[in-house]
Amino acid sequence: MDYQKLADMLFADVVKTPEELEAEFPPRGLPEGAVVSRMAPSPTGFVHLGNLVQGLTSERMTHQSGGVLFLRVEDTDQKREVAGAVETLIEALKFYDIRFDEGASVQGDIGDYGPYRQRQRRDIYHVYAKKLTAEGKAYPCFCTEQELSDIHAEQEKNKENFGYYGKYAVWRDRPIEDIERQLAEGKPWVLRFRSEGSIENKVKFTDLIKGALELTENDIDHVLLKSDGIPTYHFAHVVDDHLMRTTHVVRGDEWLPSLPFHVQLFAALGWKPPKYLHIGPLMKMDGDSKRKLSKRKDPELALTFYEQAGFPVRSVYEYLLGVLNSNFEDWRRANPDIPATEFKFSYKKMNPAGSLFDENKLRDVSKDVLARMTAQEVYALESEWAEKYNPEFYKVFTEKPEYSQAALSIGRGGKKPRKDFATLAEIPAYLSFFYDETFVPEYEQDGFDWQVSREDAAEIVCEWQELCAKDGMPGDGDAWFALVKQMGERLGYCPDTKLYRSEPEKWKGSVGDVSMVLRVATCGRRQSPDLFSVMDIMGSEAVMKRMSRAGEKLGIRN
RNA sequence: GGCCCGUUGGUCAAGCGGCUAAGACGCCGCCCUUUCACGGCGGAAACAGGAGUUCGAUUCUCCUACGGGUCACCA
């Protein structure tokens with residue numbers, strides 16, 4: 001067989017040579033140890049947690065080592081492509097703070113190793129397809145879909161391994177005349193790899209996460225180029241990651257079975273394969289068993305799910321970082337205030353098994369993240385979120401920014417900040433009493449428990465109104481609380497909780513009861529952050545209005 | 001079915017031949033406290049099973065079970 005002739009026949013339009021491409025995309029000349037990696041998603045319009053896990057790992061490894069992170073769009077499957085998906089993808093990744101040094105972007109490609117969209121790299125793949133063909137390492141196959149499924153059926157019947165190999169590889173050694181005839185008739189063809197492997201042999205391989213691996217050699221003549229001339233993932237991966245000088249490939253471990261083929265392809269092209277990190281899948285609990293998160297069934301796999309649920313980017317980021325490197329949690333506790341990027345990420349800490357996605361943990365991490373932010377930061381995030389998902393709240397929340405920020409600042413800062421909410425979606429309810437528009441007093445519901453009798457509650461409200469009307473409300477917390485105690489004592493409430501507990505029969509109640517009545521009257525509910533701060537921020541006029549409203553409900557007429 | 005990966009408390013996980021087998025989330029109890037949230041202290045809770053190797057196995061080997069993945073002109 002004259003392979004060179006076959007190559008010229010199949011790839012008449014190829015003009016470049018492998019040598020020229022090598023020169024065009026030379027080694028990057030980065031310092032020793034610098035990692036070059038990439039995210040290589042396919043534009044299906046669905047960005048998920050798996051993408052992010054992989055992206056985060058690549059991002060940390062590259063940027064921590066002074067290397068390069070690039071984005072390559074794997075758009076080789078025209079059938080599955082969704083319009084605008086590339087933009088969606090890029091936006092989502094940007095939203096999650098994955099910054100690329102080069103690659104595809106909304107404005108077009110950036111960088112010297114492009115194009116970064118595989119469909120545009122067709123000519124490059126063909127150079128190597130031609131080379132492989134000329135060397136007898138690849139050949140055209142004219143099997144129809146029907147023929148292939150017949151082969152599969154027969155293999156199933158005979159309990160043989162599936163695939164195009166051995167006697168089933170019917171075009172592997174056809175005379176060139178047969179090929180010419182098919183070509184002349186305009187029959188569609190694919191280019192297949194001529195595998196010299198055998199399932200009798202094992203290949204040893206070291207994965208950076210999984211460790212030492214012993215895999216069975218590949219004996220299948222896999223498709224390199226599809227009938228439309230576009231490469232399959234396998235071929236594109238090998239060519240691109242070589243030419244783009246990728247040093248580390250991070251991907252899901254569903255790729256492990258095709259690793260022997262990839263290694264084989266690198267060898268066939270005379271290239272050194274990159275290092276691989278195969279990440280275990282993210283799982284979820286389904287009844288009693290774990291299973292991989294599925295795009296179809298699990299909305300929580302989509303990144304948009306977390307955005308909508310109001311989890312800040314940093315929460316998802318830190319949660320994931322903790323899953324990938326469990327020592328991150330300890331580090332974070334020791335360093336509560338420095339950016340997560342200062343943490344020293346190591347692939348060595350990554351678990352070879354899959355992880356169960358733990359929403360409880362995410363919430364916990366998120367509470368911490370939110371508690372460490374300044375009121376201004378939370379305000380900004382909340383505005384952004386509410387504008388999109390809770391327009392009504394957005395309106396009142398942003399009407400008086402300083403007011404809302406003051407409300408958010410209660411109990412913030414210091415060693416033990418409050419942790420009142422895990423998501424931005426919980427803030428409207430948490431702050432509802434700060435705005436008349438969203439204030440819904442629980443005491444207006446039947447059977448509400450004021451903790452004291454309604455008469456006593458009325459008395460407290462009344463008294464407080466009079467006091468404040470006369471002297472105004474105290475301007476600092478201690479004075480305020482002293483006043484509450486003093487007033488309570490006059491009404492028969494013990495100013496000291498401990499004392500009250502030791503001899504409860506001597507008092508009507510304790511200062512806690514007095515505060516509770518004022519709290520309910522002001523906030524409409526029994527839980528609130530520090531009451532003085534709330535009143536102080538709301539202002540005495542607003543507080544007096546709340547007192548009147550509660551008073552009315554309690555049967556006071558003024 | 002073939003091939004491959006995995007298996008430490010409910011969950012996430014340290015561990016890498018000798019430990020009373022960390023820590024975190026969740027749960028329970030106590031303390032702090034004008035409510036709640038926070039915080040502090042304490043508790044219940046694990047090496048899938050069986051053979052080896054070894055003076056000694058959570059750690060190494062094999063088998064079994066279970067879970068997961070993969071066997072496309074999808075990635």
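What you are looking at is a predicted structure, and each value in this text was computed from that prediction instead of being measured. Order of the sequence lines sets the chain letters (A, B, ...), proteins ahead of strands, with each chain counted from 1.
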Determine, step by step, whether Phe433(A) and Phe439(A) satisfy the ring-ring contact (aromatic ring centres under 6.0 Å, His included) criterion, reporting the C-alpha distance in whole Å, the side-chain angles of both residues, the deciding distance to 0.1 Å, and the verdict. CA-CA 4 Å; Phe433(A) 58 82; Phe439(A) 176 60; 7.7 Å; no
Could you check Trp507(A) against Tyr493(A) for ring-ring contact (aromatic ring centres under 6.0 Å, His included), going step by step and ending with a plain yes or no? CA-CA 6 Å; Trp507(A) 312 84; Tyr493(A) 296 86; 9.2 Å; no
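Nucleotide rC74(B) holds its C1' atom 15 Å from the CG atom of Leu148(A), rounded to whole Å. Spacing between atom CG of Asn325(A) and atom C1' of rC12(B) amounts to 13 Å, rounded to whole angstrom units. If you take CZ of Phe261(A) and P of rA72(B), they are 13 Å apart, rounded to a whole angstrom. Counting to the nearest Å, the C1' atom of rA14(B) and the CE atom of Met350(A) are 16 Å from each other. rA75(B) atom P lies 13 Å from atom CZ of Phe235(A), rounded to whole Å. When the P atom of rA72(B) is taken as reference, atom CG of Leu225(A) falls 19 Å away, rounded to whole Å. The interatomic distance linking Glu156(A) (CD) with rA72(B) (P) rounds to 11 Å, in whole Å. When rounded to the nearest whole Å, the span between CG of Leu215(A) and P of rC3(B) equals 13 Å.
Shown here for Leu531(A) and Ser515(A), the closest heavy-atom pair between the two residues is CD2-O, 3.6 Å.
Annotation: Glu145(A), atom CD; neighbour count of heavy atoms from other residues, nucleotides and ligands within 6.0 Å does not exceed 12. No more than 12 heavy-atom neighbours from other residues, nucleotides or ligands sit within 6.0 angstrom of NZ on Lys275(A).
At a threshold of 4.0 angstrom between heavy atoms, the contacts of Glu160(A) with the nucleic acid are absent. No contact: Cys523(A) has no heavy atom under 4.0 Å from any strand. Contacts of Ser42(A) with the nucleic acid, taken as non-hydrogen atoms under 4.0 Å apart, involve only primed sugar atoms and P, OP1 or OP2. Lys348(A) comes within 4.0 angstrom of no nucleic acid atom, judged by non-hydrogen atoms across all strands. As judged by a 4.0 angstrom heavy-atom cut-off over every strand, Val190(A) is placed among the base-contacting residues. Across all strands, Thr76(A) comes closer than 4.0 Å only to sugar-phosphate atoms, never to a base (heavy-atom distances). Nucleic acid contact class of Ser227(A) (heavy atoms, under 4.0 Å, all strands): base.
Note on His152(A): a side-chain N or O is less than 4.0 Å away from OP1 or OP2 of rA72(B). Here Arg192(A) reaches the OP1 or OP2 of rC73(B): one of its side-chain N or O atoms lies under 4.0 Å away.
In this structure, Arg192(A) forms a cation-pi arrangement with Tyr164(A), its terminal cationic atom sitting closer than 6.0 Å to the ring centre and no more than 45° off the ring axis.
For Asp330(A), the salt bridge (charged side-chain N to carboxylate O under 4.0 Å, His left out) partners at least two apart in sequence or on another chain are Arg333(A).
Checking rA75(B), rC5(B), rU35(B) against every side-chain atom of Gln527(A), the shortest atom distance belongs to rU35(B). Comparing rA14(B), rG69(B), rC3(B) against the side chain of Pro257(A) picks out rG69(B) as the nearest. Closest to the side chain of Leu256(A), from the set rA13(B), rC4(B), rA75(B), is rC4(B). Checked against rG69(B), rC3(B), rC74(B), the side chain of Lys202(A) finds its nearest nucleotide in rC3(B).
Distance noted for atom C1' between rU64(B) and rG6(B): 16 Å (whole Å). Spacing between rG49(B) and rA65(B) at atom C1', rounded to whole Å, works out to 7 Å. Here, rU20(B) and rC12(B) have their P atoms 27 Å apart, quoted to the whole Å. Taking atom C1' in both rA24(B) and rA46(B), one finds a spacing of 15 Å when rounded to whole Å. Using atom P as the reference point in both rU70(B) and rC62(B), the two lie 25 Å apart (nearest Å). Taking atom C1' on both nucleotides, rC41(B) is separated from rU33(B) by 16 Å, rounded to a whole Å. Comparing the same atom, P, in rA45(B) and in rC38(B) gives a spacing of 26 Å after rounding to whole Å. The gap from the C1' atom of rC28(B) to that of rG9(B) amounts to 15 Å, rounded to the nearest Å.
When only modelled atom types and interatomic distance are considered, Asp240(A) and Tyr125(A) share a side-chain donor-acceptor pair under 3.5 Å. Inspection of the Thr232(A) and Lys226(A) side chains reveals no N or O donor paired with an N or O acceptor under 3.5 Å. Residues Gln54(A) and Thr57(A) have side chains that never bring a donor and an acceptor to within less than 3.5 angstrom of each other. Checked by atom type, the side-chain pair Asn325(A)/Tyr347(A) shows no donor-acceptor distance below 3.5 Å.
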Under 4.0 Å protein heavy-atom contact, by nucleotide of nucleotides 21-34 of chain B - B base, S sugar-phosphate only: --SBSS------SB
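Salt bridge Glu463(A)/Arg490(A): present, at least one basic N to carboxylate O contact under 4.0 Å. We find that Asp420(A) and Arg418(A) are joined by a salt bridge, their nearest charged nitrogen and carboxylate oxygen being less than 4.0 Å apart. Here Lys419(A) pairs with Asp368(A) in a salt bridge; the nearest charged N to carboxylate O distance falls below 4.0 Å.
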Return one dot-bracket line describing RNA chain B 5' to 3' (Watson-Crick or G-U wobble pairs, both distances under 3.5 Å; ( ) same strand, [ ] crossing, | another strand, . none). ((((((((.[[[..)..(....]]].(((((.......)))))....[[[[[..)....]]]]])))))))....
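In this structure, Phe266(A) has its ring center no closer than 6.0 Å to that of His242(A). Ring centroids of Trp255(A) and Tyr276(A) are separated by 6.0 Å or more, keeping the two rings apart. Note: Tyr430(A) and Phe421(A) meet the aromatic proximity criterion, with ring centroids under 6.0 Å apart. Checked against the 6.0 Å centroid criterion, the rings of Phe193(A) and Phe235(A) do not qualify as a close aromatic pair. Taking the ring centroids of Trp171(A) and Phe142(A), they lie under the 6.0 Å cut-off.
Residue-to-nucleotide proximity on RNA chain B shows that, of Asn327(A) and Phe162(A), the 5′-proximal contact is made by Phe162(A). Heavy-atom distances to RNA chain B give each of Asp253(A) and Thr232(A) a nearest nucleotide, and the one nearer the 5′ end belongs to Asp253(A).
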Pairs: protein N or O with nucleotides 41-45 of chain B N or O, under 3.5 Å:
none

Report, one pair per line, the protein and nucleotides 60-62 of chain B atoms (nitrogen or oxygen only) whose separation is under 3.5 Å.
none

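Annotation: proximity of residues 407-420 of chain A to RNA chain B (heavy atom, distance under 4.0 Å) is found for Lys416(A), Pro417(A), Arg418(A), Lys419(A), Asp420(A), numbered in ascending order.
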